[in-house]
Amino acid sequence: MSENNKTKAPYLEFGQHLQKLRNKYKLTRAQLGEKCGVAQSTIVNYEKGRGIPFADTATKMAAVFGLTVEE
């Protein structure tokens with residue numbers, strides 16, 4: 001990955017992990033967003049590495065997937 005891409009997607013590893021989990025649990029971005037209290041576009045941004053969730057959203061996501069926040 002070029003340095004330019006890293007600055008555009010600093011959280012890409014998190015986003016890739018989130019997308020894999022979402023697909024494993026057969027959830028759409030809209031469904032995951034609804035369960036976590038965020039918009040579908042927010043999930044898209046997380047998956048593209050443009051940001052990471054605040055603690056409250058991360059806790060809700062972890063619960064959806066039956067994981068701890070650290071996982």
Side-chain angles (χ1 to χ4, degrees):
M1 180 183 295
S2 72
E3 187 64 35
N4 192 29
N5 284 342
K6 286 181 184 178
T7 57
K8 288 183 181 179
Y11 304 108
L12 191 57
E13 187 176 329
F14 171 82
Q16 291 169 340
H17 186 61
L18 177 61
Q19 187 172 17
K20 285 178 186 174
L21 284 169
R22 184 179 57 76
N23 289 331
K24 177 180 176 181
Y25 285 81
K26 296 180 175 31
L27 293 170
T28 65
R29 291 175 176 130
Q31 289 169 326
L32 179 58
E34 187 175 318
K35 290 178 181 291
C36 298
V38 298
Q40 175 182 343
S41 60
T42 302
I43 301 298
V44 170
N45 284 329
Y46 294 157
E47 289 185 358
K48 290 188 175 190
R50 294 183 186 145
I52 55 174
F54 290 114
D56 60 333
T57 304
T59 300
K60 292 174 187 174
M61 283 183 171
V64 168
F65 299 124
L67 302 170
T68 65
V69 173
E70 291 78 18
E71 294 173 300

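Residue numbers count from 1 along this sequence.
Checking each of Val38, Thr28, Leu27 against Ile43 for a side-chain contact (heavy atoms from CB on, under 4.5 Å) leaves exactly one that passes, namely Val38.
The distance from the CZ atom of Arg22 to the CZ atom of Arg29 is 4.5 Å, given to the nearest 0.5 Å. Here the straight-line distance linking atom CZ of Phe65 with atom CD of Glu71 works out to 12.5 Å at 0.5 Å rounding. Distance check, rounded to the nearest 0.5 Å: CZ of Phe14 to CE of Met61 gives 5.0 Å. Between the CD atom of Glu13 and the CD1 atom of Ile52 there is a distance of 12.0 Å, given to the nearest 0.5 Å. Here CD of Glu47 is found 11.0 Å from CG of Leu12. Values are rounded to the nearest 0.5 Å. Here the CD atom belonging to Gln31 is positioned 8.0 Å from the CD atom belonging to Glu34, to the nearest 0.5 angstrom.
Contact of the Tyr11 side chain with the Asn45 side chain is not registered, since no non-hydrogen atoms from C-beta on lie closer than 4.5 Å.
In this structure, Val44 is not a member of the same hydrophobic cluster as Leu18, with clusters built from ILVMFWY side-chain heavy atoms closer than 4.5 Å. Under the 4.5 Å side-chain heavy-atom criterion for ILVMFWY residues, no single connected hydrophobic cluster contains both Leu67 and Val69.
Under the side chain to side chain donor-acceptor pair (under 3.5 Å) criterion, Gln40 pairs with no residue, sequence neighbours left out.
Applying the 6.0 Å contact sphere to NZ of Lys48 captures no more than 12 heavy atoms from other residues, nucleotides or ligands.
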